Every structure is written in C-alpha cells, then in structure tokens.
Amino acid sequence: LGMFSELKFPVPWGHVAAKAWGPSEGHPVLCLHGWLDNANSFDKLIPLLPRGKSVSSGWFLLQGCTSDSLSLSDCYYVAMDFSGHGLSSHRPAGSLYYFLDYVSDVRRVVVALQWRQFTLMGHSMGGAVAGMFCFLYPEMVDRLILLETLGFLLNPEDTELWLEFERMTMDTVLSLEAKQQTPKAWSPKAALQRLLEANSHLTAEGGAILLQRGATETPAG
C-alpha cells in the first residue's frame with residue numbers, strides 16, 4: 001500500500017483533489033483529514049493498516065487501537081483534500097467554510113466515485129464531518145472510524161428537523177448541478193415571453209425593465 005495515485009473530482013468552483021491506495025475494486029474507505037491538514041495526514045497510517053479479513057459490521061471508535069482491532073482487507077483507500085486544503089480548489093473569495101460545506105465535499109466525491117456504501121474514517125475535524133455525513137446518509141456508511149474526535153453531537157430536540165432540511169437541501173443542490181446545461185440564447189422577444197410565462201404577476205413593461213439588467217447580450221445579438 002505504499003504506492004498511491006492522485007485523483008481530481010470536478011466541482012463548480014474548481015476541483016476536489018484526493019490520493020488513493022490499493023485496488024480500485026477493493027472495499028471503499030474514504031479518509032477525512034483534520035483542521036488545516038490535508039490528505040497527506042494519512043500517508044504514514046495507510047501503509048500500516050493490516051490486510052486480514054476479519055472486519056465485522058458496525059460503527060466503532062478508534063483511539064490508539066492495536067492492529068488486531070482493525071482489519072480491513074484489500075481496501076481501496078481514498079484520502080481527500082477538503083475544499084481550500086491541500087491541492088483542492090479554494091471556494092470563491094468571500095465564501096465561508098462551514099462544516100456542512102465539507103459534508104457537501106464528501107457527498108460530491110462519493111457521487112463521482114459511484115460508491116453506494118463505504119467505510120468512513122475521520123481524524124479530528126474530519127471525524128466531525130464524518131459524523132455529520134453518517135447522520136445524514138446512514139444507509140451509505142457501513143463502518144465509521146473516528147480518530148481523536150467526538151464525532152457529531154446534536155441537540156435531540158433538533159434532530160428530526162435538521163436531518164430532513166439539511167439532507168433535502170444538499171440533495172437538491174447536487175441534483176440541480178447534475179442537470180445544469182449551457183445557457184441557451186434567446187431573442188429579446190422570446191426572453192421576455194419566457195419571463196412573463198414564469199411570472200404571471202409581471203406586466204410586459206415590468207418584464208422588459210427587469211431584462212435590461214437580467215439578461216446578457218450575446219455576440220450574435
């Protein structure tokens with residue numbers, strides 16, 4: 001497991017970078033680094049992980065465990081750089097980096113890798129992100145491994161509402177991105193017609209005023 005390959009996953013603001021060890025057909029394991037770290041946090045750990053086949057299903061906490069307590073065989077380890085870290089693109093200037101944005105990074109990488117179920121390993125801040133992801137998408141994670149972190153804690157009274165809203169929001173954003181197409185060019189008359197059809201309360205005069213700043217003239221006119 002000493003050799004690794006570099007990966008890049010396109011996102012709207014650039015790309016998310018990652019590095020991978022092991023056979024791509026092996027059991028998928030996604031590794032999440034800590035605050036201000038990057039994927040290289042796992043360089044010394046991955047080659048030392050045992051190669052046995054006695055892993056049982058479930059979530060567990062890894063705190064200075066011995067090699068006998070973790071046994072992942074023929075795994076495909078992918079350690080990603082969160083946005084703004086390592087070799088990943090930074091988000092646009094002025095953007096904030098919230099934990100849920102990192103969860104979104106994970107979701108995008110998993111979609112790109114076409115993983116339906118995988119093991120999630122997180123160190124420090126990465127453990128908190130991993131905990132959030134497991135809470136939002138429990139059906140996708142077969143094992144959760146936390147290194148020097150408490151995972152994700154949420155007020156019980158807020159659990160159901162938070163889960164429903166955040167998962168719906170994240171899934172909707174990714175779905176819209178997947179359907180995004182190159183903008184079409186319309187004649188001024190056709191653009192006004194489409195605007196009026198989508199906004200029945202607008203008058204033709206009001207629509208024309210909005211289009212003066214809401215549309216861009218193309219080279220073809």
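The first residue in the sequence is number 1, and the count goes up from there. Only a predicted model underlies this, so the values are computations on that prediction, with no experimental measurement involved.
- With Ser175 contributing its side chain and Asp171 its backbone, the two residues share no donor-acceptor pair below 3.5 Å.
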Next item on the list: Kindly determine whether Glu166 and Leu100 satisfy side-chain contact (heavy atoms from CB on, under 4.5 Å), including the steps that lead there.
Entry: CA-CA 9 Å; Glu166 297 299 348; Leu100 277 171; 3.3 Å; yes

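- Using a distance-only test at 3.5 Å, with no hydrogens or angles considered, a donor-acceptor pair links the side chain of Asn38 to the main chain of Asn40.
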Checklist line | Evaluation steps, side-chain contact (heavy atoms from CB on, under 4.5 Å), between Thr149 and His123 | finding: CA-CA 7 Å; Thr149 185; His123 170 244; over 6 Å; no

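- Other residues, nucleotides and ligands contribute over 12 non-hydrogen atoms within 6.0 Å of the CH2 atom of Trp13.
- The side chain to side chain donor-acceptor pair (under 3.5 Å) check on Glu164 picks up nothing, with sequence neighbours excluded.
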Margin query: Using the rule given for salt bridge (charged side-chain N to carboxylate O under 4.0 Å, His left out), can you reason through Arg91 versus Asp105, listing the C-alpha separation, both sets of side-chain angles and the distance that settles it, and then say yes or no?
Written below: CA-CA 11 Å; Arg91 291 181 181 272; Asp105 287 351; 3.0 Å; yes

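- Between His33 and Phe82, the ring center distance clears the sub-6.0 Å criterion.
- Other residues, nucleotides and ligands place no more than 12 heavy atoms under 6.0 Å from the CD atom of Gln114.
- Thr169 places a side-chain N or O within 3.5 Å of a backbone atom of Phe165 that can act as its donor or acceptor partner.
- For the pair Arg167 (side chain) and Leu136 (backbone), a donor-acceptor distance under 3.5 Å is present.
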Checklist line | Verdict with reasoning, Lys19 to Asp43, per salt bridge (charged side-chain N to carboxylate O under 4.0 Å, His left out) | finding: CA-CA 10 Å; Lys19 56 195 307 183; Asp43 277 9; 2.8 Å; yes

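- Here Trp21 and Phe42 keep their ring centres 6.0 angstrom or further from each other.
- Within 6.0 Å of CD in Glu139 there are more than 12 heavy atoms belonging to other residues, nucleotides or ligands.
- How far CG of Asn199 is from CG of Leu195: 5.0 Å, rounded to the nearest 0.5 Å.
- The main-chain N or O of His15 is found under 3.5 Å from a side-chain atom of Ser89 such that the two form a donor-acceptor pair.
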Next item on the list: Evaluate the side-chain contact (heavy atoms from CB on, under 4.5 Å) criterion for residues Phe135 and Leu163: first the C-alpha distance (whole Å), next the side-chain angles of each, then the deciding distance (0.1 Å), finally the verdict.
Entry: CA-CA 7 Å; Phe135 188 74; Leu163 173 61; 3.8 Å; yes

Next item on the list: List the steps, then state whether side-chain contact (heavy atoms from CB on, under 4.5 Å) holds for Phe99 with Met125.
Entry: CA-CA 9 Å; Phe99 271 43; Met125 183 191 77; 3.6 Å; yes

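- The side-chain tip of Arg107 does not point at the ring of Phe133 from less than 6.0 angstrom away and within 45° of straight on.
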